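Letters A, B, ... are given to chains in the order of the sequence lines, protein chains preceding strands, and every chain is numbered from 1. The structure displayed is predicted, hence computed values, not measured ones.
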Number of protein chains: 2
Amino acid sequence: MTFEEFKQQHRFSMESICRDFYHANKNRLKIKKEEVVVRNLSNIVETTLAISIRKGFDAMSLRDLSRESGLSMGALYSYFASKEELLYLIQDFGQRTVKTHLEAELRDITSPLEKLRAFIRAHLYLSELMQQWFYFFFMETRAMDKQDRKRSIESELMTEKIVIEILQDGKAAQVFSIQDELLTAGAIKALMQDWYLKRWKFRQRNVNVDMYADYITGMIETSILDT
Amino acid sequence: MTFEEFKQQHRFSMESICRDFYHANKNRLKIKKEEVVVRNLSNIVETTLAISIRKGFDAMSLRDLSRESGLSMGALYSYFASKEELLYLIQDFGQRTVKTHLEAELRDITSPLEKLRAFIRAHLYLSELMQQWFYFFFMETRAMDKQDRKRSIESELMTEKIVIEILQDGKAAQVFSIQDELLTAGAIKALMQDWYLKRWKFRQRNVNVDMYADYITGMIETSILDT
DNA sequence: GTCTATAGCCGGATAGAC
DNA sequence: GTCTATCCGGCTATAGAC
């Protein structure tokens, strides 16, 4: 699996994510025309991510968002009831999308080693396609209210739990040699996370996602494969 | 070297950092009495870090800071001229402190392997003693103005550069077997960073800094030592 | 559906009493 | 040195015209 192949199989865009959102929330939305909703919502979410990544969601005023998206304050408020709801909307739909695509990629793989490799690649590739979202989740978790923050942390621990289980299976099958699955899973997570937290650095150094995937899978396998 | 030993050798506290700051900025400060400055400034910085870590520096109002520190708005403004200057002050003095202690720890070590081990440990131990500061730097870099952000990024790349140089020395001395020093240094940095970014997770799992240091040095050495 | 205008509030900052 | 009172600008949110 390379990034190109992954991209072909998981074709999705801001528009497709927002279209899903429209269908899931048709009744709650003030605006009724699908095309209008998809166009404006894509614009709103894209612009919000861009500004938030630059200076933080809290520091972004709705006037900023209005100016950069080209929509008036009034128009913005027909897509969400409050700034807080906008945050919720992005978090909720982003994480749903991630979950769906990750699970699709892991289905039907049983061998622990193959599963670990597939998971690392799928997660890296997803975080490449949705870099802004991943970065946003990481940075804005603490800006959320208690309830949203809890869901965000659970989502973070969930991906780690998947890794822990793969490691345990591999250990039981005597494919992996691991002393502490929790520490190992944490280290794997940290290496995957670095890809979207330091995207600018890798770009500067001309490292692409396939090179990074090869590098960290090599490093991880060296440290856990029974020899 | 264990964390206990490091702590003994590098005794420092919020008070000592603020006392250094007092002596360096004596002339610029409105308040003249050393003890008053040290007491209030420690309180201000400590409280700012605590609130910012909880919800972000930008989301912290000076009224929040006033309430939680017990100082009035007027009193706060006799220690800094603006909220922006408060951010600068914390960043500047924090990074100065980190730099001083890191350099002290690396002096006199020449062997690449020993140097790498010493650096990883020193950085982890420092980030344990100054966890709030490290977390703050990472999260608030983007909230800074252009100039401060530049300094912050340089400081980040500086620590990575130290690692790159150690790796190159070790490669030249045929102690390390490394294909790509930049990727390797980045991975080491990511693993070190995880300690202060996910402090809550490690606490929950009863992992202390010495255990973590042992774990990641083991993992790193497995991946780079010539055998 | 989208816009403009504005209500009402909260933030950073300061003046002047003690 | 520290406090309270206050200014004013910018913020979220909404009402009502088009």
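Atom OH of B:Y79 and atom C1' of C:dA13 are 18 Å apart (whole Å). Remark: P of D:dT2 and CG of B:L41 are 12 Å apart, rounded to the nearest angstrom. We find that CG of B:L29 is positioned 11 Å from P of D:dG1, with the value rounded to whole Å. Remark: P of C:dA13 and CG of B:L86 are 10 Å apart, rounded to the nearest angstrom. Atom pair B:L76:CG and D:dT2:P shows a separation of 10 Å (rounding to whole Å applied). Put simply, CG on B:L87 is 15 Å from C1' on C:dG12, counting in whole angstrom units. What separates CD of A:E35 from P of C:dG1 is a distance of 12 Å, to the nearest Å. Across the protein-nucleic acid pair, B:I44 atom CD1 and C:dG12 atom P stand 14 Å apart, rounded to whole Å.
Residue contacts shown for B:K30 are absent, as no nucleic acid heavy atom lies under 4.0 Å away.
The two atoms that bring A:E140 and A:L87 nearest to each other are CB-CD1, 4.5 Å, heavy atoms only.
For A:R149 (side chain) and A:M144 (main-chain N/O), a donor-acceptor pair under 3.5 Å exists by modelled atom type. In terms of modelled atom types and a separation under 3.5 Å, the side chain of A:N25 and the main chain of A:R28 share no donor-acceptor contact. Judged by distance alone, with hydrogens and angles left aside, the side-chain atoms of B:K198 form no donor-acceptor pair with the main-chain N or O of A:G186 at under 3.5 Å. The closest donor-acceptor contact from the side chain of B:Y125 to the backbone of B:M1 lies under 3.5 Å.
The side chain of A:A75 lies closest to C:dT2 when the candidates are D:dC3, C:dG1, C:dT2.
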Pairs: protein N or O with nucleotides 11-15 of chain D N or O, under 3.5 Å:
residue, atom, partner, partner atom, Å
D:dT12, OP1, A:L62, N, 3.4
D:dT12, OP1, A:K83, NZ, 3.4
D:dT12, OP2, A:L62, N, 2.7
D:dA13, OP2, A:Y77, OH, 2.5
D:dA13, OP2, A:K83, N, 2.9
D:dA13, O5', A:Y77, OH, 3.3

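Taking the centre of each ring, B:H123 and B:F134 come in below the 6.0 Å mark.
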